[in-house]
Amino acid sequence: MNRSARVGALLIAGLAIFLVAVFILANSKSLLSKTRTINTEFYNISGLLIGSNVQYQGYNVGRVERITLPRRPGGKIQVEMKIDEGAAHLIRVNTRAQIQTDGLVGNQIVTLVANPVQALQVPENGRIEGVEPFSLSAVTDRALESADRLDAITETVGLIVQDVRNGEGSLGRVLYDPALYNSLNRTTATTEQLVSTLNQQAVVLSATAQRVAATADAATQNLDRTIQNLNTTVGTVNDKLNSRTGTVGRFLNDDAVYVQLLSTADSLRGLSTSVRAVARNAEELSAWSALGAFRFAEVMEAAKHNFLFKSYFERRGYQEQAPFEIRERAIRASQEEIERRQRELLDYEQRLRARAAAQGTTLDSLGGN
Amino acid sequence: MEAARSDETLRPATADGHAGPAWPLGKPWPEAQPLGSGPPPDDIMIEFRDLYKSFGEKHILRGVTMAIPKGVSTVIMGGSGTGKSVTIKHVVGLLKADQGEVWVHGENVDELSKDGLDQLRLKIGFLFQSGALFDSMTVYEQMDFVLKRHTDLDADGRKDRIMETLEWVNLPKTTSQYPSELSGGQRKRIGLARSIILQPDIMVYDEPTTGLDPISVRVVSNLINRLRDERGITSMTITHDLLCAEMISDHVFYLLDGVYAESGTLAEVAQSDKPEIREFFGDEYAMMFKTVRDGA
Amino acid sequence: MASKPAILNLSAFTEGLARVGEFGSFVGDFFKRFWRPPFEWKEVWRQMDEVGVKSFLLTAVTGLAIGVVLAMQSRGTLARFGAEAVLPKMLALSLVKEIGPVFTSLVLAGRVGAGIGAEIGSMRVTEQIDALEVGSLKPYNYLVITRVIACVVMFPILTVWADAIGLFGGFMESYIVGNVDYRVFFASAFDSLTFPDIIVDTGKTAIFGFIVASVSSFLGYTVRGGTREVGQAAMQSVVTSILLILVADVIVVAVSLALFAPD
Ligand SMILES: Nc1ncnc2c1ncn2[C@@H]1O[C@H](COP(=O)(O)OP(=O)(O)OP(=O)(O)O)[C@@H](O)[C@H]1O
Ligand SMILES: [Mg+2]
């Protein structure tokens, strides 16, 4: 090959490689394709950046274009996204935007969660609702609170059962003491409230726990069943007292009701232990992830001082942060990873709810008897 | 015949088509004009006026003054490292005078613009002491490079000119060789060919015959004479080679202690009173001239 | 005498300053003469051959080795976090942004810088530059401008090649070790890159090329003496080029970060 041909070949092939790279990049960064602008808002964007990916069910469909701070404290942060026109038809007004952590390095992405219920497409510059990121510590706090309240209820129910057991003398009190009557009523209301809260919590917690312990799932099931039982029992007692259809004797002689009441109290006691265990597991989990995150942060520290990786980490915003912040962020990243898995159990929650609804029907008919 | 054709193409450089008159024998050698007196007379091709040149602490030239008339072949002699090469580099503006003036072709070299200097340089052929052939080009390519840049000749015209010039130096078969494939003497001759290819009116030779065998010395010396006689070229030649000096010199300058201490015909310089110069030539050589003169 | 070393240092310092000044005007000449004839296209082409084609194998092997080694080395670290999936991204980023451009330029500084320094230097001491000067052949245009153009064009081209070959090497490693599909690998690799990455970070090698060519030409052009000095000029060309490339890289990265701040 003569000189001109050699040099020409090198130049042209080099330029071609460059142009192909630019083209691929242009395509993948959707600079060349049409996009639709869609807005959403969050109180907390967890470090989302301009340019972060937007995924629909895990598939990249666009990027975050702009992030605007609220006008006054306590307002929501506006996030503007550019969605590829090819995916725009999937974004409906009931689609939800969530902020999630993508992979190990912890860059944040927006995930668009589809709702199977039919809804209109989001128009250009339209808006969808943003779902706030979960916080594991808040979840465990609430779970522990629920456990305390369960304890209180258990105690109350236990007292009632004891009174009933203590025989006739006390029976009058059950029937005629308004305080006790009210207490029982209140307990029923609180329990009902708890059922819905705990159902939610249980899903969250069981999801958390599934990662570390099988007990969580069992506890959730147990919780669910116990609460149903409690509801049934208290509902039956309540109904019977309220409707005054049954006599005191019948109430006393009704073994089923008595046994039900007893077993409810027992399982309530077990339940609060279970909930505590789940919460503890969750705490251990977060401690574990903190440890992992700490080690991770250390490696990151080392890596970001290595010139080979420097610019990569600079891009990710790691460079200028104190190790403490990196650790914090890594911990948060790990937590959010856990929460992501929790959200994947949405489906499971719905099934639980459906089951609760089904049992609710049974409960009604039981109460009618 | 080759020679006939060469005479046609390699026309004498003077405007009227004839070799310019050499400085007539017996006419007193011209004196250089004083500093600041403007261009020298028309028949003076090169003139140094009180030229000083130092390199750091080394004061090489200390008041060089000389005039070289048109069409004359001058020889510069002197001990090694005394500044002969430094002197002639001032003619082409490769070195700038610390003090004094250098007039070439009626122009003050140090005051020329870049373009003016380039124009002047085209009228001067310069043979470097080392030949200074371009290593990356074949013999043909380097001659062609010069022609392409400075003439309007087409490829055939250039080829004719190159082959003709190579005939002059008797190396027509080296066209496709690289300098590294040539012997020292061949390199000198190719360097000579390259420096005359643009048909200059002034030739400056830095030791054209050093390292050549006696036959080649005669070939090159004859060449220098032919250039003077057929084209009226004015030349300055540095040489230590007495054979060459004898053949080509119309006039000799001897450089000593930063000035041209002796000027005259080779015989006159060889018989100088100065012990350093006598030592340079050797007593026997001076005696030979003396005998010739006395015999005449 | 006690004061002698100080005086020596001072004169070395002023000499150094003078040298920097000389280099400044040498580079200034480039921008002055670049626009004016003669345009030595044939010689530019020859230099591109010299700088580009003849360094191709060197830069290709460098790129391939870096790609493979980087993949092998990073795999272990990333695997500890179960993050092997980021390997293509990391590879693409580090290759395209830093290692590819800088390594290629450093390798070329060694080969081309020494070549230019030695070639022009020996042309200086054998009076070839004087001969060009005396022949009104504009040695600066012929020797310096051609080499600067060749380097400014060829450094980025060779960098693109080295990046591509390095990425390919990384892919081969991933394919052999992890049987990664090429579409997965390259989609992930390109996902991490942005326009400034490939344009600025490839383009900066044109500056490195300019540095190598101008520094080496300058050191060769201003050689005084003989073969020993030519050898020194060649060595200094490499050393100075490498140092200036690294300094320039810091500046370019700082400026590009300021201009194209990552979000
Ligand atoms: N560019 C320069 N820089 C520094 N010194 C120089 C330079 N050119 C020449 N010299 C010095 O000037 C002195 C005279 O050099 P020049 O080449 O003129 O000698 P010369 O008379 O031609 O000797 P030779 O017969 O050996 O060629 C030498 O000592 C040389 O070292
Ligand atoms: Mg000399």
Side-chain angles (χ1 to χ4, degrees), chain A residues 1-29 31 48-53 60 63-67 102-107 292-293 295-296 299-300 302-303 306-317 319 330, chain C residues 42 44-56 66 70 73-74 77-78 80-86 89-90 92-99 102 150 153-154 156-161 163-165 167 186-187 189-195 197-199 201-202 253 256-257 262-263:
Chain A
M1 208 159 42
N2 71 11
R3 173 178 303 151
S4 310
R6 280 198 306 256
V7 177
L10 185 75
L11 276 176
I12 290 167
L15 277 177
I17 293 175
F18 185 74
L19 289 179
V20 166
V22 167
F23 183 75
I24 293 175
L25 215 56
N27 244 355
S28 71
K29 304 293 179 219
L31 282 185
L48 191 73
L49 298 170
I50 292 170
S52 296
N53 280 328
N60 272 352
R63 300 199 151 249
V64 172
E65 193 66 21
R66 194 179 336 174
I67 296 173
D102 182 31
L104 169 91
V105 208
N107 48 323
R295 271 199 240 116
F296 171 73
V299 176
M300 286 302 212
N306 181 330
F307 86 99
L308 302 185
F309 301 102
K310 196 168 144 279
S311 57
Y312 182 63
F313 288 111
E314 279 170 359
R315 258 170 52 87
R316 299 297 184 202
Q319 190 61 30
Chain C
K42 200 174 151 224
V44 168
W45 211 244
R46 197 176 78 85
Q47 289 304 326
M48 284 188 177
D49 187 38
E50 206 62 48
V51 175
V53 178
K54 297 192 177 151
S55 308
F56 179 72
I66 290 171
L70 207 58
Q73 293 277 35
S74 314
T77 313
L78 292 173
R80 272 204 276 161
F81 307 106
E84 279 163 290
V86 272
K89 291 188 192 201
M90 203 216 70
L93 268 174
S94 41
L95 263 179
V96 171
K97 283 190 70 68
E98 209 46 48
I99 303 183
V102 172
V153 172
M154 278 303 172
I157 293 282
L158 289 172
T159 301
V160 167
W161 273 102
D163 288 352
I165 292 171
L167 213 51
F186 288 103
F190 274 102
D191 186 49
S192 62
L193 295 175
T194 62
F195 274 101
D197 288 346
I198 76 169
I199 290 169
D201 291 306
T202 307
V253 169
S256 80
L257 282 180
D263 319 323

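Per chain, numbering begins at 1; letters A, B, ... match sequence-line order.
A heavy-atom distance below 4.5 Å is not found between the side chains of Leu10(A) and Met48(C). Contact annotation: the side chain of Val7(A) approaches that of Met154(C) to within less than 4.5 Å [non-hydrogen atoms, C-beta and beyond].
A pairwise comparison of heavy atoms in Ala13(A) and Trp161(C) identifies CB-CZ2, 3.3 Å as the closest pair.
For Leu158(C), the part lying near chain A is the side chain, with the backbone staying farther off; criterion is any non-hydrogen pair under 4.5 Å. Of the atoms belonging to Val96(C), not a single heavy atom falls under 4.5 Å from chain A. Looking at Val22(A), the atoms closer than 4.5 Å to chain C (heavy atoms on both sides) sit in the backbone and in the side chain alike. Heavy atoms of Ile67(A) lying under 4.5 Å from chain C are absent altogether.
Note: Phe18(A) CZ to Ile198(C) CD1 = 5.0 Å, rounded to the nearest 0.5 Å. The OG1 atom of Thr202(C) sits 11.0 Å away from the CD1 atom of Ile17(A) when rounded to the nearest 0.5 Å.
Atom NZ of Lys54(C) has more than 12 heavy atoms from other residues, nucleotides or ligands within 6.0 Å.
Listed by chain and number, the residues in a salt bridge (charged side-chain N to carboxylate O under 4.0 Å, His left out) with Asp163(C) amount to none (sequence neighbours excluded).
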